[in-house]
Each structure stands twice: as C-alpha cells, then as structure tokens.
Participant: 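Mind having a look at this structure? Questions to follow.
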Amino acid sequence: RYINNLLIEMHGKCGSVDRALEVFRSISRPNSFSWNILIAAYIQNNRLQEAERIFSRMPCKNVVSWNAMVTAYAHFGHMEQAAATFESMPEKDTTSYNAMLTALVESGYIARAEELFDKIPDRDPVSWSIMVAANAQAGYMLKALDLLESMPGQCVFAWNALLSGYTNHGKIEEAKKLFERMPQRDSVSWNTLMSAYAQLGRFHDAKSLFDRAPQRSLITWNIMINACAVSHRPHEARDVFDRMPRRD
RNA sequence: CCUUGUCU
C-alpha cells in the first residue's frame with residue numbers, strides 16, 4: 001500500500017525514524033518503494049550505519065536503492081565508499097552515473113568526474129548540468145561555457161549554474177551580461193543575481209530586479225529581506241515582510 | 001509513492 005509508504009516518508013522527513021520503522025514493520029509485504037523510503041529516512045536523519053544495515057538486508061535491491069547509497073556515502077564524505085558501491089552495482093542507469101559525478105565533484109575530483117562523464121552511455125541534461133556547475137564553481141568559466149555550448153538542447157539549470165559561477169567569484173558585471181543573454185530564465189536565475197547584488201550592498205539593483213521579477217518564490221522574498229538587512233533598512237525589510245503572501 | 005544537477 002502506497003499510503004503507508006507516504007507515511008514512512010512523512011515520519012522520516014519529520015525526523016522520526018522510529019515511527020517510520022514502525023509503519024514499515026506494519027506493512028505485510030513491503031515493496032521496493034517501502035524499503036527505499038525507509039533507507040532514505042535513515043539517511044536524512046544522519047544515521048548512515050543503520051541505513052547501510054537495512055540496505056544490506058533488503059531482499060530485492062533495485063537501481064534506486066543503490067543510487068541512494070552512493071549519494072549518501074558522498075554526502076557523509078566517504079567518497080571512496082561511494083566509488084566502491086558504484087563499481088559493484090549490478091546495473092547502472094544515468095542517475096547512477098550522475099550521482100557518482102556529484103560525489104566526485106563534491107570531493108573536489110573534477111578531473112575524475114570529467115573522465116566518468118566521458119564514459120556515460122546516455123548523458124542527460126542533469127549530467128551536463130553537473131559538469132557545468134562543477135567547472136563554474138571551481139572558477140573554470142571558459143570550460144563551463146564550452147560545456148554549455150556543446151550540450152544538446154537547452155537547460156535552464158545549466159545556465160543558472162554558470163550564472164552562479166560568476167556571482168560566486170565576484171564577477172557581477174559578467175553575471176549581469178550573462179543574465180541578459182540567457183535563452184531562458186526562471187526564478188532561480190533572478191534570485192541568483194538579486195542575491196549577488198544584496199550581498200554587495202547594492203540595494204537598488206536588488207530592488208529593481210525584485211520589482212521586475214516575473215515570479216517570486218519564498219526564496220526571492222527572503223533574499224529581498226536580506227538585502228534590506230545588509231543595507232541597514234529595517235523599515236523596508238518590514239514592508240517587504242508584510243507584503244509576502246501567506247504561502248507560495 | 002522512492003534515488004542524481006542550479007538560487008537561500
């Protein structure tokens with residue numbers, strides 16, 4: 001029953017693995033989703049050892065279970081364990097490769113990530129975005145741009161990754177130019193540039209983007225409030241706060 | 001109904 005699976009997930013996200021486990025045990029025949037959600041619950045609550053134990057006891061592991069463990073090892077800083085798990089996978093899909101790419105990038109192994117990227121049988125837009133983001137974060141802007149241009153199709157995530165590469169390296173004017181010539185923009189694009197202005201104390205630039213943004217997420221509002229705080233405008237911060245919709 | 005990428 002998938003209602004029970006949702007319950008396991010909910011308890012996991014609320015930080016109560018014990019309740020999640022309780023629900024899991026109450027299911028007469030847990031399917032692979034139930035197992036995977038339970039493992040994810042332990043991982044999200046920083047209980048890697050127990051997640052590992054459940055994984056090893058799982059009767060029919062599927063590719064999602066393996067992918068989750070690769071990602072978990074990476075997030076806990078166990079890169080070599082992630083690599084070993086990845087190597088021993090009975091089958092890999094593109095998400096497996098993408099998870100391993102991210103693991104390598106998180107640990108700073110950009111060259112190894114690049115090697116793996118070249119071996120992916122079916123690269124998807126996520127694979128490309130990971131590589132664009134990796135290079136942009138490392139400050140290899142030309143390489144990132146080159147990847148972006150050789151990527152088939154367009155992907156706003158990849159463009160946003162390049163944009164934040166510029167802002168994170170203090171290249172605000174480059175960022176602005178890129179923003180203006182991006183083939184598509186979403187609220188993350190607007191947020192990225194707005195946040196950069198805010199952090200530089202350029203309140204009016206941030207405000208003008210905020211006013212022109214086609215859609216505002218909760219993050220957009222928070223960035224604007226932060227822009228007010230940084231430039232010592234408590235009253236404007238309060239005004240922005242009061243204008244926030246109840247939920248988005 | 002579960003796993004991978006960009007903004008806080």
Side-chain angles (χ1 to χ4, degrees), chain A residues 1-10 12-13 20 23-24 27 30-41 43-44 51 55 58 61-75 82 85-86 89 92-106 113 116-117 120 123-137 144 147-148 151 155-168 175 178-179 182 184-199 209 213 215-227 229:
Chain A
R1 285 303 322 276
Y2 101 95
I3 292 293
N4 277 325
N5 290 344
L6 287 176
L7 265 177
I8 302 174
E9 186 178 19
M10 190 192 97
K13 291 197 162 140
V23 177
F24 177 84
I27 304 175
N31 61 12
S32 59
F33 283 43
S34 323
W35 284 93
N36 289 339
I37 295 168
L38 184 67
I39 291 172
I43 294 169
Q44 281 161 16
F55 175 76
M58 183 171 174
K61 304 175 186 50
N62 61 18
V63 69
V64 172
S65 332
W66 286 90
N67 292 346
M69 290 309 295
V70 169
T71 301
Y73 285 128
H75 286 165
T85 305
F86 176 76
M89 287 180 70
K92 302 178 177 91
D93 62 10
T94 301
T95 296
S96 321
Y97 282 94
N98 292 343
M100 192 60 224
L101 274 186
T102 302
L104 291 167
V105 170
E106 272 179 3
L116 184 63
F117 177 78
I120 304 181
R123 271 160 263 182
D124 69 4
V126 175
S127 322
W128 286 91
S129 297
I130 293 167
M131 295 312 294
V132 171
N135 283 282
Q137 280 161 19
L147 278 160
L148 198 48
M151 149 176 201
C155 171
V156 76
F157 276 43
W159 284 94
N160 288 340
L162 183 66
L163 183 66
S164 81
Y166 283 124
T167 60
N168 289 331
L178 180 71
F179 180 84
M182 278 168 62
Q184 50 283 138
R185 287 176 281 270
D186 64 6
S187 79
V188 172
S189 328
W190 289 81
N191 291 346
T192 302
L193 194 58
M194 205 184 297
S195 172
Y197 282 134
Q199 281 161 24
L209 280 173
Q215 66 269 318
R216 297 175 187 130
S217 68
L218 178 60
I219 293 176
T220 315
W221 288 90
N222 289 340
I223 291 169
M224 197 57 228
I225 292 173
N226 188 49

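In what follows, every heavy atom counts, from backbone to side chain, and hydrogens, waters and symmetry copies are set aside. Naming convention: chains lettered A, B, ... in sequence-line order (proteins, then strands); numbering from 1 in each chain.
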Participant: For I43(A) and U4(B), give me the distance from atom CD1 to atom C1', rounded to whole Å.
Facilitator: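 After rounding, the reported distance stands at 13 Å.
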Participant: Report the nucleotide, chosen from C1(B), U3(B), U4(B), that has the shortest atom-to-atom distance to any side-chain atom of N31(A).
Facilitator: C1(B)
Participant: Please tell me which of the listed nucleotides, C2(B), C7(B), U6(B), lies nearest to the side chain of N191(A)?
Facilitator: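 The answer is C7(B).
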Participant: Would Y2(A) count as stacking on C1(B) if stacking means ring centres less than 5.5 angstrom apart and planes tilted under 30 degrees?
Facilitator: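 So no, this residue does not stack on that base, at least one cut-off failing.
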Participant: Check if the side chain of N222(A) and the base of U8(B) share a donor-acceptor pair of N or O atoms closer than 3.5 Å.
Facilitator: no
Participant: Return the minimal non-hydrogen interatomic distance between A144(A) and A136(A), and the atom names on each side.
Facilitator: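 Shortest heavy-atom separation between A144(A) and A136(A) comes out as CB-N, 3.9 Å.
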Participant: What is the distance, to the nearest angstrom, from the CH2 atom on W66(A) to the P atom on C2(B)?
Facilitator: 22 Å
Participant: Could you check which of U4(B), C2(B), U8(B) has an atom nearest any side-chain atom of V64(A)?
Facilitator: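 Nearest nucleotide to the side chain: C2(B).
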Participant: Could you work out which one of C1(B), U4(B), U6(B) sits closest to the side chain of Q137(A)?
Facilitator: U6(B)
Participant: Compare the minimum distances between each of G5(B), U8(B), U4(B) and the side chain of T71(A), then state the nucleotide with the smallest one.
Facilitator: U4(B)
Participant: Considering only U6(B), U8(B), U4(B), which nucleotide approaches the side chain of I223(A) most closely?
Facilitator: U8(B)
Participant: Rounded off to whole Å, could you give me the CE-to-P distance for the M89(A) and U4(B) pair?
Facilitator: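 Rounded to the whole Å, the gap is 13 Å.
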Participant: Which part of the nucleic acid, if any, lies within contact of T192(A), taking any heavy atom under 4.0 Å across all strands shown: a base, the sugar-phosphate backbone alone, or nothing?
Facilitator: sugar-phosphate
Participant: Between N226(A) (CG) and C7(B) (P), how many Å, whole number?
Facilitator: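 Result: 16 Å.
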Participant: Measure from NZ or CZ of R216(A) to the centre of the six-membered ring of W221(A), then state whether that distance is under 6.0 Å and the direction lies within 45° of the axis.
Facilitator: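 Flagged: R216(A) positioned over aromatic ring of W221(A).
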Participant: Would a line drawn from the ring center of F55(A) to the ring center of W35(A) be shorter than 6.0 Å?
Facilitator: no
Participant: Nearest to the side chain of T95(A), heavy atoms from C-beta on, is which of C2(B), G5(B), U3(B)?
Facilitator: U3(B)
Participant: Expressed in angstrom and rounded to an integer, what is the separation of I37(A) atom CD1 from C2(B) atom C1'?
Facilitator: 5 Å
Participant: What's the CZ-C1' distance between R185(A) and C7(B), to the nearest Å?
Facilitator: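 To the nearest whole Å, that distance equals 15 Å.
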Participant: How long is the line joining CE of M224(A) and C1' of U8(B), in whole Å?
Facilitator: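 Atom-to-atom, M224(A) to U8(B), this comes out as 14 Å.
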Participant: What is the separation between atom CG on N36(A) and atom C1' on U4(B), rounded to the nearest whole Å?
Facilitator: 14 Å
Participant: Going by atom types only, do S96(A) and D93(A) share a side-chain donor-acceptor pair under 3.5 Å?
Facilitator: yes
Participant: If you take the centroid of each ring, where Trp contributes its six-membered ring, are Y97(A) and F117(A) closer together than 6.0 Å?
Facilitator: no
